[in-house]
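Working notes, structure below.
First listed ligand is number 1; within each ligand, the first listed atom is number 1. The first residue in the sequence is number 1, and the count goes up from there.
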Amino acid sequence: MARKFFVGGNWKCNGTTEEVKKIVTILNEAEVPSEDVVEVVVSPPFVFLPLVKNLLRSDFHVAAQNCWVRKGGAFTGEVSAEMLVNLGIPWVILGHSERRALLNESNDFVGDKVAYALSQGLKVIACIGETLEQRESGSTMAVVAAQTKAIADKIFNWDNIVLAYEPVWAIGTGKVATPAQAQEVHFELRKWLKDNVSAEVAASTRIIYGGSVNGANCKELAAQPDVDGFLVGGASLKLEFVDIIKSAT
Ligand SMILES: O=C(COP(=O)(O)O)NO
C-alpha cells in the first residue's frame, strides 16, 4: 500500500508576527511536489494559528501543538479540541517528548488525549520516542511499544493518525538517528502494529521520523522503506524546510 509522504514542521515556542509572516511567505513561494505526493503540515504556536491558517497556501495545512484531554471548561490555560475544530485547524501534535518530560504527560494521558482529539474530528500526529538512557540500556522497543500501546488501547480507528518516532536524544541535539537506526525502529513499530492492531493498519499508517532532520540528512532518511516522512523542529523555521519537503519520495 502506498503511503503518502508526510512532512510536519513543529515550530515549537518560537516566533513573532513578523517572523511568522516571513516563514509563511517562504512556504507560499516554495516550488514543491504536489499534495498528491507529499502532505505538508506546519504547527505554529497557538497564538499564530489563525494568522498562519489564513495566510498559508491551500495545499499546506496547519496543526496545533497540543490540546486538552476532554471537553473544554474550567481548565485554565488549556485549549480544547473543540476550539481547534471551530477554528478550522485540522491537525494536532500530541505526546511530544518535551511535554512528556516537562509536564509529566504519561503514556496513559497521551492515549486519552489522542482518543479525545480523534473523537472531535481532529487528525493527530502522535509522538513517541526513547531517551538516550533507555536506548543505551537496550529498552528502545519496549519503551516505544508501551507508548504506542497506550494509544492503541484507547482508539478504534487509525485512519487519522500519523505516528512520529522522535528519539529524545536526537531532538534539538544535532545527533540525528542514522538511516539504519530510524529504519530499524520504524520497521519494528510497523511489526508491532501488525501483531497488535491489524495488517491493514500496519500497512497504511504513516510512521514519520523526527530528531535533527535537516536539508543534508533528509534524503537518506527518506529513502528508508519504513520512513514515511518527518516531523521537523529547528529546520522547519528555515528555508531548508523546503528541501526537506522536496525529499518526498
Ligand atoms: O521535536 C522535534 C524535532 O526537533 P529538531 O528537528 O529541532 O530536532 N519535532 O517535533
Task: ligand 1 atoms in contact with Gly234 (distance to a heavy atom under 4.0 Å) - done: 5 (P), 6 (O), 7 (O)
Task: Contact check, side chains of Asn66 and Val79, non-hydrogen atoms, under 4.5 Å - done: no
Task: Numbered atoms of ligand 1 (with element) below 4.0 Å of Gly211, judged on heavy atoms - done: 3 (C), 8 (O)
Task: Residue-ligand contact Ala164/ligand 1, heavy atom below 4.0 Å - done: no
TODO: Would you mind listing which atoms of ligand 1 come within a distance below 4.0 Å of any non-hydrogen atom of Gly233?
DONE: 3 (C), 4 (O), 5 (P), 6 (O), 7 (O)
Open item on the list: Checking one residue: Tyr116. Which other hydrophobic residues are in its cluster under the side-chain 4.5 Å linking rule?
Closed with: none
Open item on the list: As an exercise, identify every atom of ligand 1 less than 4.0 angstrom from a heavy atom of Ala170.
Closed with: 8 (O)
Task: SB check Arg135 Glu130 (cutoff 4.0 Å) - done: yes
Task: ligand 1 N/O within reach of Ile171 N/O, cut-off under 3.5 Å - done: no
TODO: Salt-bridge test for Asp108 and Lys154: reply yes if a basic N is under 4.0 Å from a carboxylate O, no otherwise.
DONE: yes
Task: Check: Thr17 and Leu51 side chains under 4.5 Å, non-hydrogen atoms - done: yes
- [ ] For Phe241, check ring-ring contact (aromatic ring centres under 6.0 Å, His included) against everything at least two apart and list the hits.
- [x] none
Open item on the list: Looking only at distances, can you tell me whether any N or O atom of His96, backbone or side chain, sits closer than 3.5 Å to an N or O atom of ligand 1?
Closed with: yes
Task: Selected option - heavy-atom contact closest to atom 10 (O) of ligand 1, from Glu166, Lys12, Gln65 - done: Glu166
TODO: Provide the number and element of each atom of ligand 1 under 4.0 Å from a heavy atom of Asn10.
DONE: 9 (N), 10 (O)
Task: Any N/O pair Gly172/ligand 1 closer than 3.5 Å - done: yes
Task: Parallel, tilted or perpendicular, as decided by the 30° and 60° cut-offs, for the rings of Phe230 and Phe5 - done: perpendicular
TODO: Taking the side chain as every heavy atom from C-beta outward, state whether Arg99 and Gln65 have any pair of such atoms under 4.5 Å apart.
DONE: no
Open item on the list: For ligand 1 and Thr173, I'd like to know whether there is a polar contact (N/O to N/O, distance under 3.5 Å).
Closed with: no
TODO: Looking only at distances, please establish whether an N/O atom of ligand 1 is found under 3.5 Å from an N/O atom of Ala235.
DONE: no
